[in-house]
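Beneath this line is the structure, given in C-alpha coordinates, with notes to follow.
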Amino acid sequence: MFANNTRNLVRSSFLQRCKSTLVVAEHNNETLNPLTLNTITAAKKIGGDVTVLVAGTKCGPASEAVAKVEGVTKVLVAENAAFKGFTAESLTPLVLAAQSQFKFTHILAGASAFGKNVLPRIAAKLDVSPISEIIDVKSEDTFVRTIYAGNAILTLKSKDPVKVITVRGTNFPPAATSGGNGAVEQAPAGDYASSLTEFVSQELTKSDRPELTGAKVIISGGRGLKSGDNFKLLYDLADKFGAAVGASRAAVDAGFVPNDLQIGQTGKIVAPDLYIAVGISGAIQHLAGMKDSKTIVAINKDPEAPIFQVADIGLVADLFKAVPELTGKL
(Lines give C-alpha, C1' and ligand atoms only; values in the text may rest on other atoms or scores of the structure.)
Protein backbone atom coordinates (compact mmCIF):
# COMPACT_ATOMS: atom_id res chain seq x y z
CA MET A 1 0.00 0.00 0.00
CA PHE A 2 2.77 2.42 0.96
CA ALA A 3 4.69 1.67 -2.23
CA ASN A 4 1.59 2.26 -4.36
CA ASN A 5 0.94 5.59 -2.66
CA THR A 6 4.55 6.59 -3.23
CA ARG A 7 4.29 5.77 -6.93
CA ASN A 8 1.07 7.79 -7.19
CA LEU A 9 2.69 10.79 -5.52
CA VAL A 10 5.70 10.60 -7.85
CA ARG A 11 3.40 10.28 -10.89
CA SER A 12 1.30 13.26 -9.74
CA SER A 13 4.39 15.40 -9.21
CA PHE A 14 5.74 14.41 -12.62
CA LEU A 15 2.50 15.40 -14.35
CA GLN A 16 2.42 18.68 -12.47
CA ARG A 17 5.96 19.52 -13.67
CA CYS A 18 5.18 18.53 -17.25
CA LYS A 19 2.03 20.63 -17.63
CA SER A 20 2.48 23.19 -20.40
CA THR A 21 0.13 25.22 -22.56
CA LEU A 22 0.50 26.70 -26.03
CA VAL A 23 -1.65 29.76 -26.75
CA VAL A 24 -2.08 30.57 -30.44
CA ALA A 25 -2.10 34.37 -30.54
CA GLU A 26 -4.52 36.37 -32.64
CA HIS A 27 -3.07 39.65 -33.86
CA ASN A 28 -2.60 41.92 -36.87
CA ASN A 29 1.24 41.76 -36.79
CA GLU A 30 1.41 44.96 -34.75
CA THR A 31 -1.09 44.64 -31.91
CA LEU A 32 -2.70 41.75 -30.08
CA ASN A 33 -6.38 41.00 -30.29
CA PRO A 34 -7.61 41.57 -26.70
CA LEU A 35 -9.11 38.06 -26.75
CA THR A 36 -5.57 36.65 -26.64
CA LEU A 37 -5.09 38.24 -23.21
CA ASN A 38 -8.23 36.53 -21.91
CA THR A 39 -6.97 33.24 -23.34
CA ILE A 40 -3.64 33.66 -21.57
CA THR A 41 -5.53 34.07 -18.28
CA ALA A 42 -7.30 30.74 -18.93
CA ALA A 43 -3.92 29.15 -19.69
CA LYS A 44 -2.50 30.46 -16.41
CA LYS A 45 -5.45 28.95 -14.56
CA ILE A 46 -4.63 25.53 -16.04
CA GLY A 47 -1.16 25.84 -14.53
CA GLY A 48 2.34 25.11 -15.73
CA ASP A 49 4.36 27.01 -18.31
CA VAL A 50 2.54 29.23 -20.80
CA THR A 51 4.00 29.56 -24.30
CA VAL A 52 2.48 31.90 -26.88
CA LEU A 53 2.85 31.31 -30.61
CA VAL A 54 2.96 34.48 -32.73
CA ALA A 55 2.88 33.74 -36.45
CA GLY A 56 2.63 36.34 -39.18
CA THR A 57 4.56 38.60 -41.52
CA LYS A 58 6.70 41.25 -39.79
CA CYS A 59 5.06 40.38 -36.47
CA GLY A 60 7.91 41.67 -34.29
CA PRO A 61 5.77 44.32 -32.51
CA ALA A 62 3.11 41.74 -31.61
CA SER A 63 5.69 39.27 -30.28
CA GLU A 64 7.35 41.98 -28.19
CA ALA A 65 3.98 42.88 -26.69
CA VAL A 66 3.27 39.22 -25.84
CA ALA A 67 6.63 38.82 -24.11
CA LYS A 68 5.64 41.56 -21.65
CA VAL A 69 2.33 39.92 -20.71
CA GLU A 70 2.28 38.69 -17.14
CA GLY A 71 2.47 34.92 -16.86
CA VAL A 72 3.97 34.22 -20.30
CA THR A 73 7.02 31.96 -20.04
CA LYS A 74 8.05 31.81 -23.67
CA VAL A 75 7.12 33.36 -27.02
CA LEU A 76 7.58 31.39 -30.25
CA VAL A 77 7.85 33.68 -33.28
CA ALA A 78 7.27 32.55 -36.85
CA GLU A 79 7.68 35.10 -39.65
CA ASN A 80 6.87 33.74 -43.08
CA ALA A 81 5.04 34.96 -46.16
CA ALA A 82 2.92 31.81 -45.87
CA PHE A 83 1.18 33.32 -42.84
CA LYS A 84 -0.19 36.30 -44.75
CA GLY A 85 -3.90 36.39 -43.99
CA PHE A 86 -3.46 33.95 -41.07
CA THR A 87 -5.10 31.08 -42.92
CA ALA A 88 -5.77 27.88 -41.00
CA GLU A 89 -4.16 25.83 -43.78
CA SER A 90 -0.75 27.44 -43.13
CA LEU A 91 -1.01 27.82 -39.35
CA THR A 92 -2.05 24.23 -38.64
CA PRO A 93 1.24 22.59 -39.74
CA LEU A 94 3.15 25.22 -37.76
CA VAL A 95 1.24 24.43 -34.57
CA LEU A 96 1.72 20.71 -35.18
CA ALA A 97 5.48 21.25 -35.62
CA ALA A 98 5.61 23.18 -32.35
CA GLN A 99 3.60 20.43 -30.65
CA SER A 100 5.93 17.77 -31.98
CA GLN A 101 8.96 19.59 -30.58
CA PHE A 102 7.67 20.83 -27.23
CA LYS A 103 4.97 18.24 -26.35
CA PHE A 104 2.41 20.67 -24.93
CA THR A 105 -0.38 19.22 -22.79
CA HIS A 106 -2.85 21.96 -23.78
CA ILE A 107 -3.33 24.06 -26.93
CA LEU A 108 -5.59 27.13 -26.58
CA ALA A 109 -6.98 29.93 -28.72
CA GLY A 110 -9.77 32.42 -28.31
CA ALA A 111 -13.27 31.45 -29.40
CA SER A 112 -13.27 33.85 -32.34
CA ALA A 113 -13.59 33.15 -36.04
CA PHE A 114 -9.80 32.75 -36.06
CA GLY A 115 -9.67 30.24 -33.20
CA LYS A 116 -12.71 28.31 -34.39
CA ASN A 117 -11.07 27.96 -37.80
CA VAL A 118 -7.63 26.81 -36.67
CA LEU A 119 -8.11 24.66 -33.56
CA PRO A 120 -10.58 22.05 -34.92
CA ARG A 121 -8.06 21.28 -37.68
CA ILE A 122 -5.33 20.83 -35.09
CA ALA A 123 -7.55 18.58 -32.99
CA ALA A 124 -8.34 16.44 -36.03
CA LYS A 125 -4.66 16.08 -36.91
CA LEU A 126 -3.86 15.09 -33.30
CA ASP A 127 -6.86 12.72 -33.23
CA VAL A 128 -8.38 14.33 -30.13
CA SER A 129 -11.76 15.88 -29.40
CA PRO A 130 -11.76 19.69 -29.42
CA ILE A 131 -13.29 21.41 -26.40
CA SER A 132 -15.14 24.54 -27.48
CA GLU A 133 -15.82 27.85 -25.72
CA ILE A 134 -14.91 27.00 -22.14
CA ILE A 135 -16.11 29.46 -19.51
CA ASP A 136 -14.10 28.09 -16.57
CA VAL A 137 -11.19 25.82 -15.68
CA LYS A 138 -11.68 23.42 -12.78
CA SER A 139 -8.39 21.55 -13.17
CA GLU A 140 -5.91 20.60 -15.87
CA ASP A 141 -8.36 18.07 -17.35
CA THR A 142 -11.76 19.42 -16.24
CA PHE A 143 -13.46 22.37 -17.89
CA VAL A 144 -16.84 24.12 -17.92
CA ARG A 145 -18.78 25.18 -21.01
CA THR A 146 -22.35 26.08 -21.89
CA ILE A 147 -24.70 23.89 -23.94
CA TYR A 148 -28.22 24.28 -25.35
CA ALA A 149 -27.62 27.95 -26.20
CA GLY A 150 -26.48 28.71 -22.69
CA ASN A 151 -29.46 27.13 -20.93
CA ALA A 152 -27.33 24.43 -19.30
CA ILE A 153 -23.81 24.31 -17.90
CA LEU A 154 -21.66 21.27 -18.68
CA THR A 155 -18.61 20.23 -16.68
CA LEU A 156 -16.49 17.84 -18.72
CA LYS A 157 -13.36 15.83 -18.02
CA SER A 158 -11.09 15.19 -20.97
CA LYS A 159 -8.99 12.02 -21.14
CA ASP A 160 -7.20 13.04 -24.33
CA PRO A 161 -3.40 13.33 -24.03
CA VAL A 162 -3.55 16.83 -25.53
CA LYS A 163 -6.41 19.17 -24.73
CA VAL A 164 -7.31 21.44 -27.66
CA ILE A 165 -9.51 24.24 -26.35
CA THR A 166 -11.17 27.47 -27.46
CA VAL A 167 -11.80 30.04 -24.73
CA ARG A 168 -14.80 32.33 -24.35
CA GLY A 169 -13.05 35.57 -23.49
CA THR A 170 -15.95 37.22 -21.68
CA ASN A 171 -15.55 34.76 -18.79
CA PHE A 172 -11.85 35.37 -18.15
CA PRO A 173 -10.28 38.73 -17.24
CA PRO A 174 -7.49 39.93 -19.55
CA ALA A 175 -3.94 39.20 -18.45
CA ALA A 176 -1.86 42.22 -17.47
CA THR A 177 0.08 43.63 -20.41
CA SER A 178 3.10 44.45 -18.27
CA GLY A 179 5.18 42.69 -15.66
CA GLY A 180 6.10 39.72 -17.83
CA ASN A 181 9.50 38.79 -19.18
CA GLY A 182 8.92 35.89 -21.57
CA ALA A 183 11.85 34.51 -23.53
CA VAL A 184 11.50 35.07 -27.28
CA GLU A 185 12.53 32.15 -29.52
CA GLN A 186 12.10 31.17 -33.13
CA ALA A 187 9.30 28.71 -33.85
CA PRO A 188 10.17 25.48 -35.69
CA ALA A 189 11.21 26.30 -39.25
CA GLY A 190 9.50 24.75 -42.24
CA ASP A 191 7.66 25.25 -45.50
CA TYR A 192 4.18 26.16 -44.34
CA ALA A 193 2.75 27.42 -47.63
CA SER A 194 -0.50 25.71 -48.58
CA SER A 195 -1.09 24.47 -52.11
CA LEU A 196 -4.84 24.44 -51.49
CA THR A 197 -5.43 27.94 -50.20
CA GLU A 198 -4.04 31.33 -51.16
CA PHE A 199 -4.81 34.56 -49.35
CA VAL A 200 -5.84 37.19 -51.88
CA SER A 201 -7.03 40.25 -49.98
CA GLN A 202 -9.34 41.49 -47.27
CA GLU A 203 -11.47 44.56 -46.77
CA LEU A 204 -11.82 45.74 -43.20
CA THR A 205 -14.71 47.86 -42.03
CA LYS A 206 -13.39 51.05 -40.45
CA SER A 207 -15.34 52.70 -37.67
CA ASP A 208 -14.72 55.31 -35.02
CA ARG A 209 -16.78 53.23 -32.63
CA PRO A 210 -15.18 50.57 -30.41
CA GLU A 211 -15.10 46.90 -31.42
CA LEU A 212 -18.12 44.93 -30.23
CA THR A 213 -16.13 42.34 -28.31
CA GLY A 214 -14.22 44.98 -26.35
CA ALA A 215 -16.84 47.71 -25.93
CA LYS A 216 -17.92 48.85 -22.46
CA VAL A 217 -21.33 49.97 -23.77
CA ILE A 218 -23.29 48.29 -26.57
CA ILE A 219 -26.59 49.37 -28.09
CA SER A 220 -28.26 46.63 -30.11
CA GLY A 221 -31.22 46.70 -32.44
CA GLY A 222 -33.58 44.00 -33.57
CA ARG A 223 -36.39 43.37 -36.01
CA GLY A 224 -38.47 45.99 -34.19
CA LEU A 225 -36.49 48.75 -35.92
CA LYS A 226 -38.24 47.71 -39.17
CA SER A 227 -35.48 48.89 -41.54
CA GLY A 228 -31.78 49.55 -41.81
CA ASP A 229 -32.38 53.29 -42.10
CA ASN A 230 -33.93 53.29 -38.64
CA PHE A 231 -30.65 52.04 -37.14
CA LYS A 232 -29.62 55.71 -37.32
CA LEU A 233 -31.60 56.09 -34.10
CA LEU A 234 -29.14 53.71 -32.44
CA TYR A 235 -26.07 55.32 -34.01
CA ASP A 236 -27.15 58.71 -32.65
CA LEU A 237 -27.65 57.23 -29.19
CA ALA A 238 -24.35 55.36 -29.40
CA ASP A 239 -22.53 58.60 -30.20
CA LYS A 240 -23.74 59.99 -26.88
CA PHE A 241 -22.35 56.98 -24.98
CA GLY A 242 -19.23 56.38 -27.08
CA ALA A 243 -20.78 52.95 -27.57
CA ALA A 244 -20.63 50.15 -30.11
CA VAL A 245 -23.71 49.16 -32.12
CA GLY A 246 -24.83 45.55 -32.46
CA ALA A 247 -27.81 43.66 -33.81
CA SER A 248 -29.82 40.51 -33.40
CA ARG A 249 -29.73 37.76 -36.00
CA ALA A 250 -33.25 38.71 -37.09
CA ALA A 251 -32.05 42.21 -37.98
CA VAL A 252 -29.03 40.82 -39.83
CA ASP A 253 -31.08 38.23 -41.72
CA ALA A 254 -33.52 40.97 -42.73
CA GLY A 255 -30.64 42.90 -44.28
CA PHE A 256 -30.87 45.87 -41.91
CA VAL A 257 -27.15 45.74 -41.01
CA PRO A 258 -24.08 43.67 -41.99
CA ASN A 259 -23.45 40.38 -40.22
CA ASP A 260 -20.32 41.62 -38.43
CA LEU A 261 -22.72 43.38 -36.03
CA GLN A 262 -24.53 40.17 -35.08
CA ILE A 263 -24.57 39.26 -31.40
CA GLY A 264 -25.68 35.83 -30.27
CA GLN A 265 -24.94 32.14 -30.37
CA THR A 266 -23.97 32.29 -34.05
CA GLY A 267 -22.53 35.79 -33.80
CA LYS A 268 -20.31 37.54 -31.29
CA ILE A 269 -20.32 36.87 -27.55
CA VAL A 270 -20.18 40.10 -25.54
CA ALA A 271 -20.27 41.12 -21.89
CA PRO A 272 -20.15 44.93 -21.68
CA ASP A 273 -20.80 47.02 -18.60
CA LEU A 274 -24.03 48.26 -20.19
CA TYR A 275 -26.10 46.53 -22.88
CA ILE A 276 -29.15 48.32 -24.30
CA ALA A 277 -31.45 46.08 -26.35
CA VAL A 278 -33.81 48.06 -28.58
CA GLY A 279 -36.62 46.30 -30.40
CA ILE A 280 -35.17 42.89 -29.60
CA SER A 281 -37.60 40.20 -28.47
CA GLY A 282 -34.94 38.14 -26.73
CA ALA A 283 -34.72 34.83 -28.61
CA ILE A 284 -32.63 32.22 -26.84
CA GLN A 285 -29.88 32.44 -29.48
CA HIS A 286 -29.48 36.18 -28.85
CA LEU A 287 -29.52 35.85 -25.07
CA ALA A 288 -26.67 33.34 -25.29
CA GLY A 289 -24.47 36.10 -26.68
CA MET A 290 -25.16 38.91 -24.21
CA LYS A 291 -26.69 37.66 -20.97
CA ASP A 292 -23.38 38.00 -19.10
CA SER A 293 -23.51 41.80 -19.52
CA LYS A 294 -23.18 43.68 -16.23
CA THR A 295 -26.35 45.76 -16.72
CA ILE A 296 -29.03 45.01 -19.33
CA VAL A 297 -31.60 47.58 -20.41
CA ALA A 298 -34.48 46.53 -22.68
CA ILE A 299 -36.77 48.78 -24.70
CA ASN A 300 -39.68 46.96 -26.31
CA LYS A 301 -43.37 47.68 -26.80
CA ASP A 302 -44.31 44.05 -26.02
CA PRO A 303 -44.46 43.57 -22.22
CA GLU A 304 -44.29 39.78 -22.71
CA ALA A 305 -41.02 39.88 -24.69
CA PRO A 306 -38.51 37.34 -23.28
CA ILE A 307 -35.80 40.01 -23.17
CA PHE A 308 -37.45 41.45 -20.05
CA GLN A 309 -36.71 38.21 -18.16
CA VAL A 310 -32.97 38.92 -18.24
CA ALA A 311 -33.14 42.74 -18.20
CA ASP A 312 -32.11 44.70 -15.12
CA ILE A 313 -34.14 47.67 -16.38
CA GLY A 314 -37.07 47.33 -18.73
CA LEU A 315 -39.00 50.02 -20.57
CA VAL A 316 -42.27 49.04 -22.24
CA ALA A 317 -42.55 51.74 -24.88
CA ASP A 318 -42.50 52.52 -28.58
CA LEU A 319 -38.80 52.60 -29.45
CA PHE A 320 -39.39 55.26 -32.12
CA LYS A 321 -40.45 57.65 -29.36
CA ALA A 322 -38.33 56.38 -26.46
CA VAL A 323 -34.93 56.29 -28.18
CA PRO A 324 -35.00 59.88 -29.58
CA GLU A 325 -36.21 61.10 -26.20
CA LEU A 326 -33.38 59.28 -24.41
CA THR A 327 -30.84 60.63 -26.90
CA GLY A 328 -32.12 64.16 -26.38
CA LYS A 329 -31.70 63.95 -22.61
CA LEU A 330 -28.06 62.82 -22.77
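This is a predicted model, so every value here is computed, not measured.
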Ser139 and Thr142 side chains, donor-acceptor separation under 3.5 Å: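 A donor-acceptor contact under 3.5 Å links the two side chains.
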
Residues Tyr275 and Thr295: side-chain donor-acceptor under 3.5 angstrom: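 No - no donor-acceptor pair under 3.5 Å links their side chains.
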
Got a donor-acceptor contact below 3.5 angstrom from the [X] side chain to the [Y] backbone?
| X | Y | answer |
| --- | --- | --- |
| Asp49 | Ser20 | no |
| Ser100 | Leu96 | no |
| Thr41 | Pro173 | yes |
| Asn230 | Leu225 | yes |

More than 12 heavy atoms from other groups under 6.0 Å of CZ on Arg209: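 More than 12 within 6.0 Å, yes.
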
More than 12 heavy atoms of other groups within 6.0 Å of Lys84 NZ: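 Counting neighbours around NZ of Lys84, 12 or fewer heavy atoms of other residues, nucleotides or ligands fall under 6.0 Å, so no.
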
Intermediate values then yes/no, salt bridge (charged side-chain N to carboxylate O under 4.0 Å, His left out), Lys240 and Asp236: CA-CA 7 Å; Lys240 297 285 188 177; Asp236 291 342; over 6 Å; no

Heavy-atom closest contact (Glu26 atom, Ser112 atom, distance):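 So the two residues come closest at OE1-OG, 2.7 Å.
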
Taking every non-hydrogen atom, the tightest pair across Thr166 and Gly115: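 Heavy atoms of Thr166 and Gly115 come nearest at CG2-O, 4.0 Å.
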
Test log, rule salt bridge (charged side-chain N to carboxylate O under 4.0 Å, His left out), inputs Asp127 and Lys125: CA-CA 5 Å; Asp127 195 24; Lys125 289 291 188 180; over 6 Å; no

Evaluation steps, side-chain hydrogen bond (donor to acceptor under 3.5 Å, both in side chains), between Asn33 and Thr36: CA-CA 6 Å; Asn33 184 311; Thr36 298; 5.5 Å; no

CZ-OG1 distance between Phe104 and Thr51, expressed to the nearest 0.5 angstrom: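 Reported to 0.5 Å precision, the distance equals 4.0 Å.
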
Side chain proximity check, Gln99 to Leu22, heavy atoms < 4.5 angstrom: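 Of all side-chain heavy-atom pairs linking Leu22 with Gln99, none is under 4.5 Å.
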
Min side-chain heavy-atom separation Val24-Ile107 under 4.5 Å: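 With C-beta onward as the side chain, the pair touches.
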
For residues 308-327, dump all side-chain donor-acceptor pairs below 3.5 Å to protein atoms at least two apart in sequence or in another chain.
| from | atom 1 | to | atom 2 | distance (Å) |
| --- | --- | --- | --- | --- |
| Asp312 | OD2 | Ile296 | N | 2.7 |
| Asp318 | OD1 | Phe320 | N | 2.9 |
| Thr327 | OG1 | Val323 | O | 2.9 |

Test log, rule side chain to side chain contact (heavy atoms under 4.5 Å, CB included), inputs Thr105 and Ile46: CA-CA 10 Å; Thr105 57; Ile46 291 171; 5.8 Å; no

